[in-house]
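A quick write-up on the structure given underneath.
Every heavy atom of this structure was used, including side-chain atoms; hydrogens, water molecules and symmetry mates were not.
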Amino acid sequence: MTDRAFPRKPSSPTPLRRRLVLLTAALVAGTALLPPGVAAAAPLRTDSWEASARALGGGATIVPGRSGLVRISGYKGAALPAGSSLRLTAPVGARVTETPLADAGGFQGSVTADGTSGSYTYVRDSASGSWKDGGYPFVLTVDERAVPGTRLPGCAVVLTDAGGARRASGSCAVTVGMPGPTLTEPAGGTFVSGAGRLAGTSYPGARVSVFDAAEHKVCAGVARIDGTWSCTPDTPLPAGANRLHASAAFNGVSAVGEDVDFTVTAQEPDAAH
């Protein structure tokens, strides 16, 4: 939000300062722009609760087509009784698929049919739910077409009391992760002669580097539009047991593939010699 500048009036600093404080609080509460005659959803609060209780947040890095856990925490306000609820609205390009804390500790979880949001409701009658625990988990699944390294917009979280009044709000940061590359040539557990060509798959456009067991770079290449990549070792792989893995980087995110073990056999001398 862009800060607004107000002219100074030295003759009456106290009223001006008070108006600035009230206007800032109204903007935070979302009531400053209400037309005349329209009541705010909740009374305007100017005490320390307003600043301390609204900082909800969480985040995760999730690979396209996969699921990840986003834990929402940060509430510092007063304990809320049964009927209070925490709702997470999924960002664009993802959907909520599970609320794993459901029916645990007095909290009941639910997910909308289309996955646009998920929520927890405090249902215990004997005491007030604090909402100050280590985090409330939501499982999000990212669309398989999402581009690695991008931040999905639109994730929002809101905590309301039993009457539906907003008590805290915030957002979550969901970054699209990098799928792990594969090394398919040579295949694991095989015996090869020379191993002059290494190949596999990765996200199109990713820079793929191959490393040996000592983390020395063997060769590197760029994944093609169809997701395949290949490269030739700068020096021949040694005869005997070898262990290699591929690492891929794209758009500021990276991932490491699984180790592949294979054996390089001694090349037979040329028949001409």
side-chain hydrogen bond (donor to acceptor under 3.5 Å, both in side chains) between Ser110 and Ser119: does it pass, once the steps are laid out?
-> CA-CA 5 Å; Ser110 63; Ser119 63; 3.1 Å; yes

Worked verdict on Arg166 versus Thr160 for side-chain hydrogen bond (donor to acceptor under 3.5 Å, both in side chains) = CA-CA 4 Å; Arg166 179 178 299 193; Thr160 57; over 6 Å; no

Report the C-alpha separation of Ile72 and Phe138 in whole Å, then their side-chain angles, then the decisive distance to 0.1 Å, and conclude whether the side-chain contact (heavy atoms from CB on, under 4.5 Å) test is met.
-> CA-CA 8 Å; Ile72 301 301; Phe138 294 84; 4.0 Å; yes

Check the pair Thr190 / Thr263 against side-chain contact (heavy atoms from CB on, under 4.5 Å), numbers first and verdict last.
-> CA-CA 6 Å; Thr190 61; Thr263 301; over 6 Å; no

Please assess Leu69 against Arg71 for the test side-chain contact (heavy atoms from CB on, under 4.5 Å), listing each intermediate value before the final yes or no.
-> CA-CA 6 Å; Leu69 201 64; Arg71 291 185 178 275; 3.7 Å; yes

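Listed for the Thr150 side chain is no donor-acceptor partner under 3.5 Å among the backbone atoms of Val176. A donor-acceptor contact shorter than 3.5 Å links the side chain of Asn242 to the backbone of Gly240. Distance alone, capped at 3.5 Å, places no donor-acceptor pair between the Asp234 side chain and the Cys219 backbone. Between the side chain of Thr265 and the backbone N or O of Val192, at least one donor-acceptor pair lies under 3.5 Å. Judged by distance alone, the side chain of Trp229 and the main-chain N or O of Ser209 form no donor-acceptor pair under 3.5 Å. Not a single donor-acceptor pair under 3.5 Å links the side chain of Ser202 to the backbone N or O of Ala206.
Using a cut-off of 4.0 Å between Lys/Arg side-chain N and Asp/Glu carboxylate O, Arg145 and Asp143 are scored as salt-bridged.
Rounding to the nearest 0.5 angstrom, the gap separating the OG1 atom in Thr99 from the CZ atom in Phe107 is 12.5 Å. Note that OH of Tyr122 and CG of Leu80 are 10.5 Å apart. Values are rounded to the nearest 0.5 Å. The CZ atom of Arg95 sits 10.5 Å away from the CG atom of Asp114 when rounded to the nearest 0.5 Å.
In this model, no donor atom of one side chain and acceptor atom of the other lie less than 3.5 Å apart for Arg87 and Ser117. Side-chain atoms of Arg224 and Ser230 form a donor-acceptor pair, as typed in the model, at a separation below 3.5 Å. Side-chain polar atoms of Thr201 and Thr228 form no donor-acceptor pair below 3.5 angstrom.
Across all non-hydrogen atoms, the minimal contact from Tyr203 to Met178 is CB-CE, 3.5 Å. Closest approach of Pro91 to Leu140, counting heavy atoms only: CD-CD2, 3.6 Å. What you find for Val208 and Ala246 is that their closest heavy atoms are CG1-CB, 4.0 Å. Among all heavy-atom pairs drawn from Leu237 and Phe262, the shortest one is CD1-CZ, 3.8 Å. Closest non-hydrogen pair, Leu88 versus Cys172, comes out as CD1-SG, 4.1 Å. Closest non-hydrogen pair, Asp212 versus His245, comes out as O-CE1, 4.2 Å.
Counting heavy atoms from C-beta outward, Pro148 and Asn251 have side chains that stay 4.5 Å or more apart. With contacts defined as side-chain heavy-atom distances shorter than 4.5 Å, the pair Val139/Thr97 qualifies.
Between Trp131 and Tyr120, a ring centre-to-centre spacing not shorter than 6.0 Å is recorded.
Within 6.0 Å of atom CD in Glu144, 12 or fewer heavy atoms from other residues, nucleotides or ligands are found, so the atom counts as exposed in its surroundings.
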